[in-house]
There are 2 protein chains.
Amino acid sequence: MIDFSQLDKVIHEKGRLAIMSLLAARPEWRFQDLKTELSMSDGNLVTHLRTLHKAGYVSLTKEHDGRPQTSYALTDRGREAFLGYVAVLESIVQKHKPS
Amino acid sequence: MIDFSQLDKVIHEKGRLAIMSLLAARPEWRFQDLKTELSMSDGNLVTHLRTLHKAGYVSLTKEHDGRPQTSYALTDRGREAFLGYVAVLESIVQKHKPS
DNA sequence: GGTGAAACTTTGTGGCGCAAAGTTACGTAA
DNA sequence: TTACGTAACTTTGCGCCACAAAGTTTCACC
């Protein structure tokens, strides 16, 4: 039986799932690039990133090359949590994929 | 790129995802069995089932063999929507599964 | 007629996603 | 040096929704 209760609630939300997926696929993302890629308002994006940061899943680096510029990356905990989440997805797919 | 916007919002919720997964695995479920399997309060379970029913994903059959007894099943639309949802999950897994 | 169970409905509460507008800091053009 | 623009926030407000708890209806059985 699949244990849906272990679906991490922080990750199991469309916006944050998309963010985590991007962060897992590339070591670092600038705020502006995330915003463009996700077509998300900056306020909304920042809020999701703060939620992920509070959970310890995302680290941020502030720089000031000309304009202020913040970059985001997965922490080890974040990668671990994401892979755990994906493992649950995989068990769902395994069970229901027509093959 | 993965299109997260096509993650069906009705299905993308832990409780309803669990329900849909059960309904997809067996042709019919009685309310009591769902309740036991999911450890969900009856009020909460009924609400989720109503949401799924309104979306056209679930059909219900009321019987009265002694106690009232309602059974639930996936509709064709429900199965289609669920498989579409699982297909998105699969694309996420494909992209991120370490292999 | 009273009890109990199934399957609801109702009510209330807290949390959350999201948009819109305001804020701060800084760098550039006039 | 003042005005403007942009990045990266914060704040405010709205509306929806998950969830629990309690009330309701129907029916079978004692």
Should [X] and [Y] count as side-chain neighbours, where that means a heavy-atom distance under 4.5 Å?
{"X": "A:I11", "Y": "A:R16", "value": "no"}
{"X": "B:L17", "Y": "B:F82", "value": "yes"}
{"X": "B:Y57", "Y": "B:M20", "value": "yes"}

When you measure from the side-chain N and O atoms of [X] to the phosphate of [N], is any distance below 4.0 Å, counting only OP1 and OP2?
{"X": "A:Y72", "N": "D:dC9", "result": "yes"}
{"X": "B:R50", "N": "C:dA7", "result": "no"}
{"X": "A:K9", "N": "D:dA18", "result": "no"}
{"X": "B:S41", "N": "D:dC19", "result": "no"}
{"X": "A:H48", "N": "C:dC18", "result": "yes"}
{"X": "B:K35", "N": "C:dA6", "result": "no"}
{"X": "A:T47", "N": "C:dG17", "result": "no"}
{"X": "B:Q69", "N": "C:dA7", "result": "no"}

Can you figure out which of [options] approaches the side chain of [X] most closely?
{"X": "A:N44", "options": "C:dG17, D:dC9, D:dA8", "answer": "C:dG17"}
{"X": "A:E13", "options": "C:dC18, D:dA8, C:dC8", "answer": "C:dC18"}
{"X": "A:V46", "options": "D:dT10, C:dC8, C:dA6", "answer": "D:dT10"}
{"X": "B:K62", "options": "D:dA18, C:dA7, D:dA8", "answer": "C:dA7"}

Specify the separation, in whole Å, of atom [atom1] of [X] and atom [atom2] of [N].
{"X": "A:E63", "N": "C:dG27", "atom1": "CD", "atom2": "C1'", "result": "16 Å"}
{"X": "B:M40", "N": "D:dA20", "atom1": "CE", "atom2": "P", "result": "9 Å"}
{"X": "A:K54", "N": "C:dG15", "atom1": "NZ", "atom2": "C1'", "result": "13 Å"}
{"X": "A:L38", "N": "D:dA8", "atom1": "CG", "atom2": "P", "result": "14 Å"}
{"X": "B:F4", "N": "C:dG17", "atom1": "CZ", "atom2": "C1'", "result": "17 Å"}
{"X": "B:H12", "N": "D:dC16", "atom1": "NE2", "atom2": "C1'", "result": "16 Å"}
{"X": "B:L49", "N": "D:dC17", "atom1": "CG", "atom2": "C1'", "result": "16 Å"}
{"X": "A:F31", "N": "C:dC26", "atom1": "CZ", "atom2": "C1'", "result": "17 Å"}

B:H53, NE2 atom: more than 12 neighbouring heavy atoms under 6.0 Å: no
In terms of heavy-atom contacts, B:S59 and B:T75 come closest through N-CG2, 3.7 Å
For A:R16, which contact category applies under a 4.0 Å heavy-atom criterion: base, sugar-phosphate, or nothing? sugar-phosphate
Tell me what B:K14 touches on the nucleic acid: a base, only sugar-phosphate, or nothing, going by heavy atoms under 4.0 Å. nothing
Which distance, rounded to the nearest 0.5 Å, do you find between the CG of A:L49 and the CG of A:L60? 8.5 Å
Starting at CG of A:L74, measure out to CD of A:E28 and round the result to the nearest 0.5 Å. 11.5 Å
What is the per-nucleotide protein-contact pattern of nucleotides 22-30 of chain D, from the 5' end, where B denotes a base atom under 4.0 Å from a protein heavy atom, S denotes such proximity for sugar-phosphate atoms only, and - denotes neither? -----SS--
Will you find, in the side chains of A:S21 and B:H96, an N or O donor that is under 3.5 Å from an N or O acceptor? yes
